[in-house]
Amino acid sequence: MKLDLGAVVSGAWSLWRRDRAVLVPIAGIFLMLPTMAATIWMAAPAPGDPGAPADLATMVETMQRYVSANLPWLLLQTLLGLFGTGAILALYLDPAHPTVAGAMGSALRRFPALLLAQIGIQFAVVLGLLAFALPGLYAIGRSFLIPAAILAEPRRGAMDAIARGIQLTAGNGFALLGLQAIFYFVGQLLVMLGTGFLTAGASNPVPVTIGVLMVGLANGGMALAYALLRVTAYRQATGSRG
């Protein structure tokens, strides 16, 4: 079925307005604080040689050095973010209608499936982007409801839940890609602005603090928005009222 993206967005906004007192602590601890910590302590990418050619091999080598230098922070940020997203999804989609503590328990139980799905999604997206940009972008849209299916249908095995999430996005791959892109670009604009504060005030704690807060709010807010959009899109795709 074709999703009504306007209804998906308005539904997510309604959830935020109603439940922000519950959502802010979860998002703050698991989505925002890890990003802020990583922003403060991760090693900045080494500046390249301005006279060197910007070929693919050089870019890949620079990225490998950056990932290697910051691997613990990147892993911590990814794992905590995945758990926080799972807890938010479970809070709304778990058939048991859990409390916040129960939603975290559900996210923990389903964490291996979430992690497997995340690895599979990243692999598919990277392969698609390397082969030809369009398949990779399409994979981003078609995988959007996989985490929701994992938390909403806990009786399914990991692979079955992944297949279910892909099935629910049939006919909506590019629409969901566009929806994600809107929030992604808004978030990245805020990240760029926050990075500007960090760069301009390298020895001044005030702009650095502002920059760190902006980066954390941008990434945490984007992850929270994606989670709420997944909730309302999943409910619409399955005809569930929640």
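Excluded from the calculations below are hydrogen atoms, water molecules and symmetry mates; all remaining heavy atoms, backbone and side chain alike, are included.
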Is there a path of hydrophobic side-chain contacts, each under 4.5 Å between heavy atoms of I/L/V/M/F/W/Y residues, joining Trp13 to Leu228? yes
Is there a path from Leu75 to Leu31 through hydrophobic residues (I, L, V, M, F, W, Y) whose side chains come within less than 4.5 Å of each other? yes
If you round to the nearest 0.5 Å, how far is CD1 of Ile121 from CD1 of Ile146? 4.0 Å
Looking at every non-hydrogen atom in both residues, tell me the closest pair between Asp94 and Ala96 and how far apart they are. OD1-N, 2.8 Å
So, does Arg110 use its side chain to make a donor-acceptor pair with the main chain of Ala107 at under 3.5 Å? no
Testing the basics here: between Trp73 and Ala37, what is the closest heavy-atom pair and its distance to 0.1 Å? CZ3-CB, 3.7 Å
Once you round to the nearest 0.5 Å, how far does CZ of Phe83 lie from OG1 of Thr78? 15.5 Å
pair Val208-Asn204: side-chain heavy atoms closer than 4.5 Å: no
State yes or no: do Val231 and Val24 share one hydrophobic cluster built from I, L, V, M, F, W and Y residues joined by side-chain heavy-atom distances below 4.5 Å, directly or via other members? yes
Which atom pair, heavy atoms only, marks the closest approach of Ser143 to Ala139? OG-O, 2.8 Å
Determine whether Val215 and Met36 make a side-chain contact, defined as any pair of heavy atoms from C-beta on separated by less than 4.5 Å. no
To the nearest 0.5 Å, what is the distance between CG on Leu114 and CD1 on Ile162? 9.5 Å
Minimal non-hydrogen separation, Ala149 against Ala161, with atom names: CB-O, 3.6 Å
With a 3.5 Å cut-off and sequence neighbours excluded, list the donor-acceptor pairs that the side chains of residues 170-198 form with protein atoms.
unit_1 : atom_1 : unit_2 : atom_2 : d
Asn172 : OD1    : Leu3   : N      : 2.9
Asn172 : ND2    : Met1   : O      : 2.7
Asn172 : ND2    : Ala170 : O      : 3.1
Gln180 : NE2    : Ile140 : O      : 3.2
Gln180 : NE2    : Leu176 : O      : 3.3
Thr195 : OG1    : Val191 : O      : 2.8

Hey, are the side chains of Leu93 and Arg235 touching, using non-hydrogen atoms and a 4.5 Å cut-off? yes
Hey, what do you get for CG (Leu229) to CE (Met222), rounding to the nearest 0.5 Å? 12.0 Å
Return the CG to CD distance between Leu127 and Gln122, rounded to the nearest 0.5 Å. 11.5 Å
List the atom of Ala233, the atom of Leu145, and the distance in Å for their closest heavy-atom pair. CB-CD2, 3.8 Å
Out of Leu82, Leu89, Ile88, which one pairs with Thr85 under the side-chain contact (heavy atoms from CB on, under 4.5 Å) rule? Leu89
Do Ser14 and Arg17 have side-chain N/O donor and acceptor atoms under 3.5 Å apart? no
To the nearest 0.5 Å, what is the distance between CZ on Phe30 and CG on Leu79? 12.0 Å
